[in-house]
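This report concerns only the one structure given below.
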Amino acid sequence: DKIDNTLTEIIIPSATWAIFSGHGTYQSILKLMMRVHTEWLPSSGYDFGNAPEIKVYYYSDDPTDTQYEIWLPVVPKA
């Protein structure tokens with residue numbers, strides 16, 4: 001197999017992840033991200049972990065109903 005040299009490999013550290021699923025438009029993922037950070041995280045018993053937040057988009061022919069996930073690295077609050 002040929003490797004695409006325009007891509008960059010990033011090593012994601014091991015983490016515990018809180019995963020949030022949704023569907024809709026680009027605006028709906030922004031709203032979900034805001035709710036996760038302002039509502040869920042402060043009351044969850046967790047803090048943001050030492051890893052990048054990951055957004056997963058699943059291909060859809062309909063841009064108004066895209067499936068997505070937000071993966072939030074978390075650690076228990078001290």
Is there side-chain contact between Trp40 and Leu72, with at least one heavy-atom pair below 4.5 Å?
yes
Checking Lys55 now: which residues fulfil salt bridge (charged side-chain N to carboxylate O under 4.0 Å, His left out) with it, not counting sequence neighbours?
Glu53
To the nearest 0.5 Å, atom CG of Leu41 lies from atom CZ of Arg35 at 13.5 Å
Near Asp62 CG, under 6.0 Å, is it more than 12 heavy atoms from other residues, nucleotides or ligands?
yes
Measure from the side-chain N and O atoms of Lys77 to the backbone N and O of Ser44, and report whether any donor-acceptor pair falls under 3.5 Å.
no
Please find the pair of heavy atoms, one from Leu32 and one from Phe20, that lie closest to each other, and give the distance.
CD2-CB, 4.1 Å
Is there a side-chain contact between Pro52 and Ile12, using heavy atoms and a 4.5 Å cut-off?
yes
Heavy-atom pair with the smallest gap, counting every atom of Asp47 and Ala78
OD2-N, 4.5 Å
Between OG on residue Ser21 and CD on residue Gln67, distance to nearest 0.5 Å:
8.5 Å
Contact between Pro73 and Trp17 at the side-chain level, heavy atoms closer than 4.5 Å - yes or no?
yes
So which heavy atom on Tyr26 is nearest to which on Tyr57, and how close?
CE1-OH, 4.3 Å
Applying a strict under-4.5 Å side-chain criterion to I, L, V, M, F, W and Y, I'd like to know whether Ile54 and Ile19 cluster together.
yes
Minimal heavy-atom distance between Trp71 and Val56, with the atoms involved, is NE1-CG2, 3.8 Å
Should we say atom CZ of Phe48 is surrounded by more than 12 heavy atoms from elsewhere, each under 6.0 Å from it?
yes
Does one hydrophobic cluster hold both Ile29 and Tyr58, with members joined at side-chain heavy-atom distances below 4.5 Å?
no
